[in-house]
Amino acid sequence: VCVHWRACVCVCLNLCMCLYICTCMDMSTVTSDIPFRSCPDVPCSCIGARWVFTIISFFVFLSFYALRTDISIAVVAMTTSGSTNHHRNGTNPGPEFVWTASQLGYVNSAFFYGYMGLSLPAGWLAGRFGAHPTLGAGMLVNSVLCLLTPLVAKFNFATLLVLRVMQGLAQALVFPSFQTLLGKWGPRKNVGSMASLAYAGCYSGIIVSFLVGGTLGEHGFGRSSGFDYDGDNWPSIFYVFGCLSLITTFVWIFFTYESPAVHPRISRAERQEIEKDLIGQEKKNLKEFTLLDIFPLIAFFPARVRQKAAVPWRSILSSLPGWAMFAAQTATDYGDFTLQTGVPKYYKDVHGEDLMDSGLYSALPSAVNMVSSITVSAFVNSCIWRDNVSILVSRKIFTAIGMFGPAVFLIGAAYTTSKVQTLILLIVANATSGTSSLGSGINHLDLSPHFAGVIYSLTNTLSSVAGIVGPYLADALTPNGTKP
């Protein structure tokens, strides 16, 4: 099997990420909250159940984003003549797919049509059927669709678009379901760290997708592996990520649970601590929202009644903080989605980099984004725990940094011609963007823990428009491609 040093870099980054998680979890907590601790009443485990949930969620989001962005690196291999099409006789027949810029835009944006279509109902589905099985079903369907992508792409362009829409529908279930679960598993003093650690998997997924995808697109499994796709290497991208996602899906299904109440191995102390904190949080929200609506009274009903209660749409849609959060998240997602779909092709077309180098340069900003979000999360939660800063102030500060920072540095990147200067500016832009996960990214849980999944579904629906508009807008702004 072909091994390239860039793949080794990817593996090392993710191993470092896991080590970083293990060493930084307890920075903002006291002894009772340290994730790696003794549990006298649960002898088989020394890790807090909430942190096991968080670590597995990290790998779920890694798979989630790898499957979302693998098409960005794969289309470069699919539509490029050169080293990606080596046949047995040594000839180079040119690209397998000759797609126009508009067709490439359709491929990149089709996913978000499905993603937007099911984002809003996803919160309801998570509440009706359970967030845990809903998320697992979305990952399972998406893994199978990823494995079918090479076959479908070779059959017909229209069927490829349909498959991408279906992938968007399946992935739309993931984020709202996770927000619902986080509302059940995350005490207020830990929820920031848990969310940041789990969402770091998104950045790690982009790194894996670009680095490993670039290597696989250039070399496939290698000639000695026995796999041959008529000389094309790009199908290996979908096969590798699809299989890894299937493994992650089964780990999620069998090792995570809907809530602490149904977890068979959680310690009694940890369960009581989480449930006590969440009940207190619901009572606090009752006091805050009484003037707007009476829906928080649902918090005092039995769990079965609360699950069947109507969603308070009037209070959600009339909330000014809610709309501020929607706007911030949409702006953040527009920048992220545009960079994820466009940067690999940018380095290929503008700077003439090969597929592996394009993947490396595209992955580096995401790596910095991941490290910055984790580091800042540990620092901020330490400050909150010591009452050095309030939760509200920290949310506002890091939302502002996560929006203004990328804006300034991306504008600067537009005026550079050097590959190195562009890379540096993209890295700094992504580093500042990562702080938004501590602001608008988790504000849903501050507004209403019980309805966090529904609120996030609405946010996802609105921000998905950015994923649809981004590729078309990029095509409209660059009618001549890389030509002046």
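Predicted model only: the values in this text are computed from it and were never measured.
- In this structure, CD1 in I253 is found 6.0 Å from CG in L140, a value given to the nearest 0.5 Å.
- Remark: the backbone N or O of F59 is paired with a side-chain donor or acceptor of S63 at under 3.5 angstrom.
- Residues satisfying the ring pair (Phe, Tyr, Trp, His ring centres under 6.0 Å) test with H263, not counting sequence neighbours, are W185, Y257.
- Residues meeting the ring pair (Phe, Tyr, Trp, His ring centres under 6.0 Å) test with F157, sequence neighbours left out: W99.
- Identified under the ring pair (Phe, Tyr, Trp, His ring centres under 6.0 Å) test for residues 391-433, with sequence neighbours left out: none.
- The aromatic ring centroids of F58 and Y199 lie 6.0 Å or more from each other.
- Residues V75 and V107 form a side-chain contact, since some pair of their non-hydrogen atoms from C-beta on lies under 4.5 Å apart.
- The ring pair (Phe, Tyr, Trp, His ring centres under 6.0 Å) search around Y115 returns F111, not counting sequence neighbours.
- Note: L246 CG to N142 CG = 10.0 Å, rounded to the nearest 0.5 Å.
- Remark: T54 OG1 to L181 CG distance equals 11.0 Å, nearest 0.5 Å.
- In this structure, S119 and P176 approach most closely via the heavy-atom pair O-CG, 4.1 Å.
- The ring pair (Phe, Tyr, Trp, His ring centres under 6.0 Å) search around Y334 returns none, not counting sequence neighbours.
- The distance from atom CD1 of I55 to atom CE of M194, rounded to the nearest 0.5 Å, is 10.5 Å.
- Counting heavy atoms from C-beta on, the side chains of S418 and V420 come closer than 4.5 Å.
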Legend entry - Pair M403-S436, side-chain contact (heavy atoms from CB on, under 4.5 Å): steps then yes or no: CA-CA 7 Å; M403 295 184 68; S436 64; 5.8 Å; no
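- Classified by interplanar angle (parallel below 30°, tilted 30° to 60°, perpendicular above 60°), the ring pair F64/F61 is perpendicular.
- Closest non-hydrogen pair, L169 versus G114, comes out as CD2-O, 3.3 Å.
- Counting heavy atoms from C-beta on, the side chains of I455 and M325 come closer than 4.5 Å.
- For the side-chain hydrogen bond (donor to acceptor under 3.5 Å, both in side chains) test, residues two or more places apart in sequence or in another chain that qualify with T69 are S209.
- Taking CG of L211 as the reference point, atom CD1 of I206 lies at 11.5 Å (rounded to 0.5 Å).
- Taking all atoms of both residues into account, the shortest heavy-atom contact from S177 to T134 is OG-CG2, 3.5 Å.
- In this structure, CE on M78 lies 5.5 Å from CD1 on I71, to the nearest 0.5 angstrom.
- Put simply, the side chain of N430 gets close to the backbone of L426: a donor and an acceptor are under 3.5 Å apart.
- Between T399 and A328 the shortest heavy-atom distance is CG2-CB, 3.9 Å.
- With no hydrogens or angles considered, a side-chain donor-acceptor pair links S440 and Q329 at under 3.5 Å.
- Counting only heavy atoms from C-beta outward, the side chains of F255 and V52 never approach each other to under 4.5 Å.
- The two residues S245 and M139 come nearest to each other via the heavy atoms OG-CE, 3.5 Å.
- Shortest non-hydrogen contact noted between A172 and A122 is O-CB, 3.4 Å.
- Remark: the backbone N or O of A131 is paired with a side-chain donor or acceptor of E258 at under 3.5 angstrom.
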Inset, instruction - Show your reasoning for whether side-chain contact (heavy atoms from CB on, under 4.5 Å) applies to N233 and L216. - result: CA-CA 7 Å; N233 297 314; L216 291 172; over 6 Å; no
Legend entry - Residues L147, C243; criterion side-chain contact (heavy atoms from CB on, under 4.5 Å); working and verdict: CA-CA 8 Å; L147 292 170; C243 290; 4.1 Å; yes
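- Side-chain contact between L145 and T149 is absent, with no heavy atoms from C-beta onward closer than 4.5 Å.
- A 4.5 Å side-chain heavy-atom check between I316 and L458 finds at least one atom pair inside the cut-off.
- With hydrogens and angles disregarded, no donor-acceptor distance shorter than 3.5 Å links the side chain of S433 to the backbone of A429.
- Considering F178, W252, Y65 in turn, W252 is the only one that fulfils the side chain to side chain contact (heavy atoms under 4.5 Å, CB included) rule with V60.
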Legend entry - Check against side-chain contact (heavy atoms from CB on, under 4.5 Å), Y203 and V368: CA-CA 9 Å; Y203 311 125; V368 176; over 6 Å; no
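- For the pair R50 and F53, the NZ or CZ position fails the cation-pi test of under 6.0 Å to the six-membered ring centre and within 45 degrees of the ring normal.
- Counted within 6.0 Å of CE on M166, heavy atoms from surrounding residues, nucleotides or ligands total 12 or fewer; the atom is thus considered open.
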